[in-house]
Structures are given as structure tokens and as C-alpha cells.
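Reading through the C-alpha cells given below for one structure.
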Amino acid sequence: MGAREMVYEASEDTWLLEDALLKLDWSGLAVDVGCGGGYITLTLLKRGGEVVAIDVSEEAARVTAGRSAQSAWRLHIIVCDGLAALRPTGRVSVIACNPPYLPAEEPADRAVDGGPSGAEFSLQLISQARPFLEKGARLVLITSSRGREDAILEACENNCLRAEVLGSRRLFFEELHCYLVLRRDTRSGQVGDL
């Protein structure tokens, strides 16, 4: 099996995230957490700034590097879990993530299985992203109605963060939501509706 077959490839959730990122007004350093096959990384690179692509999978990092070769001078790839390897800085403008969000007691596929409630990865990411958000960054995050979206929204509230719905897509077995998470006192900078 080749490397491209071992990483998460673009699907409905990816395209929802892409739509939000293309309509959101931002510039500067972007971070793609869980870059998978690199689709969102390429979308971020097309905006013209530097991008940090992060994935826990070395295969995903290799695929993303290969697909982004023409923009390699603006791309930094890190193999790690979430934002653990980055120091909070005001240079980060946007953090994009299509996390694993499906409930699974014993995750078999790290790309889609988000833990018992489906929200565990997102909850960890919100905690890791908070210092970046305090410095002005915005988090754009995908959730699913099959997971504990209420727990994610509660975590935002408990961390003095605001979550705005940027878009949604109904599939036959779930509804996907794309949230913009930012400090309560920050303007969203949204351009148009999704």
C-alpha cells in the first residue's frame, strides 16, 4: 500500500473547512493541524503566506511535502500531536483543523476516530490553541453531529472563547459544522456567508 493510501484524503469535511478558510479574512502564518494528505495545506499556501503543517503520521507528512513541493520554501512540516511542538506567538493568524471526530471506544483509525465521545482530540486542541488565540489567532474547526459538539462548545465557553458557525453540510448520516473559535473580544473578520 502506498503512502497516499495511508493518509486521510479530502472529503466533504475537508471541503467545508476549505470553504470557510477561503471566505475568512486573514493573513500571516497559518497552521494546519492534522494535515493528512495536504489538501488544506495547499489551500493555505495559495493564500500566499507561510504554513506549518502538522500531523502525527510520518506518512502524512511525506505526502503533504510531496504535494506542496512547489511552495516548499514557505512550508514547515512537523510530525507531532496537535500544537505540542509550537510555542504560542502572535505570528500565527489562523489554525485550521479537520480533527478525528467520530466516536469510537477503541480508535482503529487515528484520522477519523476521535475517542469515546468523538470530541477528545478537539478538546485537547482547544486547550493547546488557547495561548495562540490569546495572541490574536483564530481556530477554524470541523465537528460532527455524531460526536459531542456540546462538549466542544462548553470547552470554548469555559476558556472564555467564542464559537461561531461558519458553515455546515448535511450528509445522509450526520451534519458537519465548521466553527470559528476566537477570543470573546475579537472580531471574526468573516467575509461573506458559507
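One-based numbering along the sequence shown. Since the model is a prediction, treat every value here as computed from it, not as a measurement.
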One pair to check against side chain to side chain contact (heavy atoms under 4.5 Å, CB included): Ile95 and Val140. What are the steps and the verdict?
CA-CA 6 Å; Ile95 301 166; Val140 183; over 6 Å; no

Of all the heavy-atom pairs spanning [X] and [Y], show the shortest one and how long it is.
| X | Y | answer |
| --- | --- | --- |
| Arg183 | Gly136 | NH1-N, 4.2 Å |
| Gly167 | Leu16 | C-CD1, 3.9 Å |
| His76 | Glu50 | NE2-OE1, 2.6 Å |
| Leu176 | Ser144 | CD2-CB, 4.1 Å |
| Gln128 | Pro131 | O-CD, 3.3 Å |
| Arg138 | Asp25 | NH2-O, 2.7 Å |

Within this structure, what is the [atom1]-[atom2] distance for the pair [X] and [Y], rounded to the nearest 0.5 Å?
| X | Y | atom1 | atom2 | value |
| --- | --- | --- | --- | --- |
| Ile77 | Ser68 | CD1 | OG | 6.0 Å |
| Asn98 | Glu12 | CG | CD | 11.5 Å |
| Ile142 | Asp13 | CD1 | CG | 6.5 Å |
| Lys23 | Cys178 | NZ | SG | 11.5 Å |
| Thr14 | Tyr8 | OG1 | OH | 4.5 Å |
| Asp55 | Cys80 | CG | SG | 9.0 Å |

Taking the side chain as everything from C-beta on, heavy atoms only, tell me whether [X] gets closer than 4.5 Å to [Y].
| X | Y | result |
| --- | --- | --- |
| Val94 | Leu139 | no |
| Ser122 | Leu141 | yes |
| Cys156 | Ile126 | yes |

Any donor-acceptor N/O pair, Ser145 side chain to Glu175 backbone, under 3.5 Å
yes

Any donor-acceptor pair under 3.5 Å linking the side chain of Glu149 with the backbone of Gly147?
no

Under a single-linkage definition using a 4.5 Å side-chain heavy-atom cutoff for Ile, Leu, Val, Met, Phe, Trp and Tyr, are [X] and [Y] assigned to the same hydrophobic cluster?
| X | Y | result |
| --- | --- | --- |
| Val112 | Tyr39 | yes |
| Leu17 | Trp15 | yes |
| Leu166 | Trp26 | yes |
| Val56 | Val52 | no |
| Leu45 | Leu22 | no |

With a 4.0 Å cut-off, would you call [X] and [Y] a salt bridge?
| X | Y | answer |
| --- | --- | --- |
| Glu174 | Arg146 | no |
| Glu18 | Arg47 | no |
| Arg169 | Asp19 | yes |

Residues two or more places apart in sequence or in another chain: which of them pass side chain to side chain donor-acceptor pair (under 3.5 Å) with [X]?
| X | result |
| --- | --- |
| Glu134 | Arg130 |
| Glu157 | Arg184 |
| Thr64 | none |

Donor-acceptor pairs under 3.5 Å, side chain of residues 29-38 to any protein atom, not counting sequence neighbours: which ones?
{"from": "Asp32", "atom 1": "OD2", "to": "Thr41", "atom 2": "N", "distance (Å)": "3.1"}
{"from": "Asp32", "atom 1": "OD2", "to": "Thr41", "atom 2": "OG1", "distance (Å)": "2.7"}

Solution key, residues 81-89 side-chain donor-acceptor pairs under 3.5 Å, sequence neighbours excluded:
{"from": "Thr89", "atom 1": "OG1", "to": "Arg91", "atom 2": "N", "distance (Å)": "3.2"}

Side chain to side chain contact (heavy atoms under 4.5 Å, CB included) between Leu182 and Leu133, worked out:
CA-CA 6 Å; Leu182 57 163; Leu133 301 179; 5.5 Å; no

Sorted by chain and residue number, the salt bridge (Lys or Arg N to Asp or Glu O under 4.0 Å) partners of Glu154 (sequence neighbours excluded) come out as none

Exercise: do Glu164 and Tyr179 side chains pair donor with acceptor under 3.5 Å:
no

Residue that, paired with Leu75, satisfies side chain to side chain contact (heavy atoms under 4.5 Å, CB included) out of Leu42, Leu44, Val51:
Val51

Determine, step by step, whether Leu21 and Ile40 satisfy the side chain to side chain contact (heavy atoms under 4.5 Å, CB included) criterion, reporting the C-alpha distance in whole Å, the side-chain angles of both residues, the deciding distance to 0.1 Å, and the verdict.
CA-CA 9 Å; Leu21 292 167; Ile40 293 298; 3.7 Å; yes

